[in-house]
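Keep in mind the model is a prediction, meaning the values are calculated, not measured.
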Amino acid sequence: MNAARNPVGRPTADTLTDRYVWAVLKSLPEAKRSDIDRELRASIADDVDARVAGGDEPAAAERAVLLDLGEPMRLAAGYAGRPLALIGPDLYVDYVRLLKLLLWIVLPIVTVTLFVINALSGAEPGELIGGTVGILLGVGVHLCFWVTLVFVIIERTGATTRSGGKGYPGSTPFDPDELHAIATGTTGGRSELIASLVFALLVPVALVWQQNSSNFRDADGAPIPVINPELWSFWLPYLIVLAVLTAVFAVVLYRVGRWTWPLVVVNAVLTVATIGPIAWLVWTGAALNEAYLDRLGWTDFVAAGSPSATLTAVILVGIAAWTIIDSVIKTVRASRVAEAV
């Protein structure tokens, strides 16, 4: 029977102990993982045996031992001899979690919003990419700076935390039950769900917005949309429906918690049904409004069969293929984890 492997290559059944050890090891240098893996597992096993001998149930004993060990990230810092410096150890874990969450949520939203705004304003391709990247980097820097500053201030003003020291209001205690499953076929979790829901919201908003927000006007003074208006007869409503279905699929995947073969099939169908028509419309030159392209001088640049249209279509097909292949890989890993339990 094939067993899943943890970060140091040992079989795992994805128990609470396995999850805890994996959470500790994943942030440690590769050279240190094997020894620490054996040492930490032996220590946990001894403490659990002692509690069981004292009358505790095995599951309760395991949870109590992990609770005593505390946050995996903090324990990993101790093993690595790495001080949790500018932000003190009582706040460091919360600081990293909040910063990662904000970056995962804010940066994708800013990227899509800026790209759409710049495109609708008639920016040249170079300006479109450069302006989006420049502002995105600025937002990321500001986000990191202000979050860090807030935690530094909290660290030095002193509120109550999980350990009774300094921290911020609402800080929650470590709970072993909240340990993430070992990343061998699990989903992207909440961040992936949020990204899918944001995408599902932005697709219809962007399509409707571009219809009436163009800077270019026709002879009657009406705005000239970016997307070919003839596509509203079928393809644009079709893509909006698929965006909603993709969001529903993301919710189902999040609730299931791991990839399964039926989910792989549904994901493949949604991916092909979404990206296939888009790639075809781009390659045939039917995706964008010719009147808008004329104003920009891009008619030849994105014409049917042009190098840019062909390259874009190939990239879209590659994205679709990787999306399907990645789901298959995650499902195979998830199956191995299930077999090892």
Peer 1: Does Thr274 use its side chain to pair, donor to acceptor, with the backbone of Thr271 at less than 3.5 Å?
Peer 2: no

Peer 1: Kindly give the heavy-atom pair with the smallest separation between Pro204 and Ile240, and that separation in Å.
Peer 2: CB-CG2, 4.0 Å

Peer 1: Between Asp18 (side chain only) and Thr15 (backbone N and O only), is there a donor and an acceptor less than 3.5 Å apart?
Peer 2: yes

Peer 1: Which value, rounded to the nearest 0.5 Å, describes the distance between Ile278 atom CD1 and Ile319 atom CD1?
Peer 2: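 With rounding to 0.5 Å, CD1 (Ile278) is 10.0 Å from CD1 (Ile319).
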
Peer 1: Apply side-chain contact (heavy atoms from CB on, under 4.5 Å) to residues Leu288 and Val226 and explain how you reach the verdict.
Peer 2: CA-CA 6 Å; Leu288 301 178; Val226 179; 4.1 Å; yes

Peer 1: Looking only at non-hydrogen atoms, find the nearest pair between Pro72 and Ala23 and report the distance.
Peer 2: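 Nearest pair, atom of Pro72 first, then Ala23: CB-CB, 3.6 Å.
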
Peer 1: Is the shortest heavy-atom distance from the side chain of Leu69 to the side chain of Leu40 under 4.5 Å?
Peer 2: yes

Peer 1: Is there side-chain contact between Val332 and Trp261, with at least one heavy-atom pair below 4.5 Å?
Peer 2: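 Val332 reaches Trp261 side chain to side chain.
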
Peer 1: Check whether Asp220 reaches the backbone of Ala222 with its side chain - one donor and one acceptor, N or O, closer than 3.5 Å.
Peer 2: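 Judged by distance alone, no pair lies under 3.5 Å.
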
Peer 1: Show the atom names and distances, to 0.1 Å, of all donor-acceptor pairs under 3.5 Å that link a side chain in residues 229-237 to residues at least two apart or in another chain.
Peer 2:
unit_1 : atom_1 : unit_2 : atom_2 : d
Trp232 : NE1    : Gln211 : OE1    : 2.8
Ser233 : OG     : Glu230 : O      : 2.8

Peer 1: Which atoms form the tightest heavy-atom contact between Arg217 and Arg295, and what is the distance?
Peer 2: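 The pair with the smallest heavy-atom distance is O-NH2, 2.6 Å.
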
Peer 1: When you measure from the side chain of Tyr20 to the backbone N and O of Leu67, does any donor-acceptor pair fall under 3.5 Å?
Peer 2: no

Peer 1: I'd like to check Val272 versus Ile324 (side-chain heavy atoms, cut-off strictly below 4.5 Å). Are they in contact?
Peer 2: yes

Peer 1: Could you give the distance from CG (Leu270) to OG1 (Thr323), rounded to the nearest 0.5 Å?
Peer 2: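 Output value for this atom pair is 11.0 Å.
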
Peer 1: Measure the spacing between NZ of Lys330 and CG of Leu253 and express it to the nearest 0.5 Å.
Peer 2: 8.0 Å

Peer 1: Run through Val48, Asp47, Ile44 and flag the one making a side chain to side chain contact (heavy atoms under 4.5 Å, CB included) with Leu66.
Peer 2: Ile44

Peer 1: Check whether any side-chain heavy atom of Phe249 lies under 4.5 Å from a side-chain heavy atom of Leu245, and answer yes or no.
Peer 2: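 No; the side chains remain at least 4.5 Å from each other.
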
Peer 1: Please tabulate, one pair per line, all N/O donor-acceptor pairs under 3.5 Å involving side-chain atoms of residues 50-61, not counting sequence neighbours.
Peer 2:
unit_1 : atom_1 : unit_2 : atom_2 : d
Arg51  : NH2    : Asp68  : OD2    : 2.7

Peer 1: Quick one: pull up CG in Leu16 and CZ in Arg63 and give me the separation to the nearest 0.5 Å.
Peer 2: 8.0 Å

